[in-house]
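Let me begin by presenting the structure, written as structure tokens, before commenting on it.
Letters go in sequence order (proteins before strands), and every chain restarts at 1.
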Protein chains: 2
Amino acid sequence: MATTTAARRRDEERAAYDAFLAACPSRRVMDRISDKWVGLLLAALADGPRRYSELGRKVAGVSPKMLTQTLRGLERDGLVEREVTAAVPVRVDYRLTPLGEGLHATLLHVKNWAEGHVEEVLAARDRYDGEHDTQSG
Amino acid sequence: MATTTAARRRDEERAAYDAFLAACPSRRVMDRISDKWVGLLLAALADGPRRYSELGRKVAGVSPKMLTQTLRGLERDGLVEREVTAAVPVRVDYRLTPLGEGLHATLLHVKNWAEGHVEEVLAARDRYDGEHDTQSG
DNA sequence: CCGGATCCCAACCGATACTG
DNA sequence: CAGTATCGGTTGGGATCCGG
């Protein structure tokens, strides 16, 4: 039947698109920085190495699970380095690699833009909510 | 009892932290660009205005729902403008505002970094998977 | 042609409890 | 101190159907 054709075609397009996205470098970086904790961790590590628990305290709201998981992802991508000191209570430090510092710098760029334009965004949002009437009428 | 204290304190910390995040400009921008389709849409609109269905075709994998939803969010934040032409079949064009162009430029910066360093990331990932032995034994 | 409403599944994230 | 395993709540995204 003809009706299946459109769905089929959309499906193929999506498959091709997915493949395209998987190969796209900027997409991968986007996915990384989209992560809820990555930006915070990078910022927390920006001014020097930190211990696991230090990071936990510095970002405050993070659970051990997410802390470990995020750190692992970062380490896997070569953005942070993990150094284990086999003392009596084990000690583990994390620090940014040059690559990680580069990403952090880029993120700072974004942050910079954000701080410079957040007022405009907020104003636009306000205007929009006013014009489009959130719900009252 | 004393055991509740720690939980209490964690809770308070988290609340304060959440408040901090809510007020943080870069966080809001992060949240926006974290969105799965925002980057693509911005890119699709970079070289001029587009119709709704054009966008749908250009990003290929997107559903009508997400297309509208994303566009609305962008419009609300003053990043794109929506222009309705009341013809027989309604026609709607979207285009970047100066603000939207600014964000796109910033994103291009990120993209640029990504393309320049994706090889290193991939290499690191490969090394990590080799050293840490994905599962083989 | 544009887009809103609904249902549903999958992924993510947090809290807790436990190990080395 | 550093990390792992599991469970449950919450959210986001896709498919589909319906209205302007």
Side-chain angles (χ1 to χ4, degrees), chain A residues 3-15 17-18 21 30-41 49-75 80 82-94 132-133 135, chain B residues 3-4 6-15 17-18 21 31-41 49-57 59-76 80 82-94 132:
Chain A
T3 50
T4 59
T5 310
R8 238 346 181 95
R9 169 130 166 236
R10 272 267 298 278
D11 218 37
E12 286 170 17
E13 276 176 350
R14 204 163 87 82
Y17 190 68
D18 275 0
L21 282 189
M30 284 307 186
D31 285 346
R32 262 269 105 68
I33 68 179
S34 304
D35 190 291
K36 185 174 180 182
W37 300 108
V38 165
L40 290 316
L41 247 22
R50 295 274 178 188
R51 298 185 59 169
Y52 180 86
S53 49
E54 276 185 300
L55 290 173
R57 254 171 287 122
K58 193 152 202 226
V59 302
V62 70
S63 65
K65 174 188 170 181
M66 289 318 294
L67 186 52
T68 299
Q69 184 173 304
T70 308
L71 250 12
R72 286 283 186 280
L74 257 22
E75 190 194 358
V80 307
R82 180 170 174 266
E83 182 181 358
V84 182
T85 308
V88 188
V90 189
R91 177 199 174 102
V92 181
D93 290 86
Y94 292 90
H132 290 257
D133 194 25
Q135 52 94 346
Chain B
T3 49
T4 58
R8 221 23 160 82
R9 169 130 169 237
R10 271 268 298 280
D11 219 37
E12 285 169 19
E13 275 176 351
R14 204 163 87 82
Y17 190 67
D18 274 1
L21 281 189
D31 285 347
R32 262 267 106 65
I33 70 178
S34 302
D35 190 290
K36 185 173 180 182
W37 300 108
V38 166
L40 290 318
L41 247 23
R50 295 273 179 188
R51 298 186 58 172
Y52 179 85
S53 47
E54 275 186 300
L55 290 173
R57 252 171 289 122
V59 303
V62 71
S63 66
K65 174 189 170 180
M66 289 318 294
L67 187 51
T68 298
Q69 184 173 306
T70 308
L71 251 12
R72 285 284 183 278
L74 257 23
E75 190 194 358
R76 190 166 105 102
V80 307
R82 180 169 175 266
E83 182 181 356
V84 181
T85 308
V88 189
V90 189
R91 177 200 173 101
V92 181
D93 290 85
Y94 292 90
H132 290 256

For [X] and [N], give me the distance from atom [atom1] to atom [atom2], rounded to whole Å.
| X | N | atom1 | atom2 | value |
| --- | --- | --- | --- | --- |
| Asp35(B) | dC12(C) | CG | P | 15 Å |
| Glu54(A) | dG3(D) | CD | P | 13 Å |
| Leu55(A) | dC1(D) | CG | P | 13 Å |
| Leu67(A) | dC13(C) | CG | C1' | 14 Å |
| Met66(A) | dT6(D) | CE | P | 17 Å |
| Lys36(A) | dC13(C) | NZ | C1' | 7 Å |
| Glu83(B) | dC2(C) | CD | P | 13 Å |

Spatial distance of atom [atom1] ([X]) from atom [atom2] ([Y]) [nearest 0.5 Å]:
| X | Y | atom1 | atom2 | result |
| --- | --- | --- | --- | --- |
| Ile33(A) | Ser34(B) | CD1 | OG | 7.0 Å |
| Met66(A) | Trp37(A) | CE | CH2 | 8.0 Å |
| Leu67(B) | Tyr94(B) | CG | OH | 7.0 Å |
| Thr68(A) | Glu75(A) | OG1 | CD | 11.0 Å |
| Gln69(B) | Leu74(B) | CD | CG | 11.5 Å |
| Asp35(A) | Met30(A) | CG | CE | 14.5 Å |

query = Closer than 4.0 Å, any side-chain N/O of Ser53(A) to the OP1 or OP2 of dA2(D)?
reply = yes
query = Can you find a side chain N or O atom of Arg91(B) that sits less than 4.0 Å from OP1 or OP2 on dC2(C)?
reply = no
request  = Taking the side chain as every heavy atom from C-beta outward, state whether Leu55(A) and Leu71(A) have any pair of such atoms under 4.5 Å apart.
outcome  = yes
inquiry  = I want to check something: taking the side chain as every heavy atom from C-beta on, are Lys58(A) and Leu40(A) in contact at a cut-off of under 4.5 Å?
reply    = no
query = Considering only side-chain heavy atoms of Arg51(B), which listed nucleotide, dG14(D), dC13(C), dC1(C), is closest?
reply = dC1(C)
task = Hey, which sits more toward the 5' end of DNA chain D by its nearest nucleotide, Ser34(B) or Pro89(A)?
result = Pro89(A)
key: Angle of first-five versus last-five pair axes in the helix from dC1(C)-dG20(D) to dG20(C)-dC1(D), to 10 degrees   = 40°
Anything under 3.5 Å between a protein N or O and an N or O of nucleotides 3-5 of chain C, put it in a table, one pair a line.
unit_1 : atom_1 : unit_2   : atom_2 : d
dG3(C) : OP1    : Arg82(B) : NE     : 2.8
dG3(C) : OP1    : Arg82(B) : NH2    : 2.6
dG3(C) : OP1    : Tyr94(B) : OH     : 3.1
dG3(C) : OP2    : Tyr94(B) : OH     : 3.0
dG4(C) : OP1    : Arg72(B) : NE     : 3.4
dG4(C) : OP1    : Arg72(B) : NH2    : 2.4

message = Set out, in order, the CA-CA distance, both residues' side-chain angles and the distance that settles side chain to side chain contact (heavy atoms under 4.5 Å, CB included) for Val62(B) and Lys36(B), then state yes or no.
response = CA-CA 10 Å; Val62(B) 71; Lys36(B) 185 173 180 182; over 6 Å; no
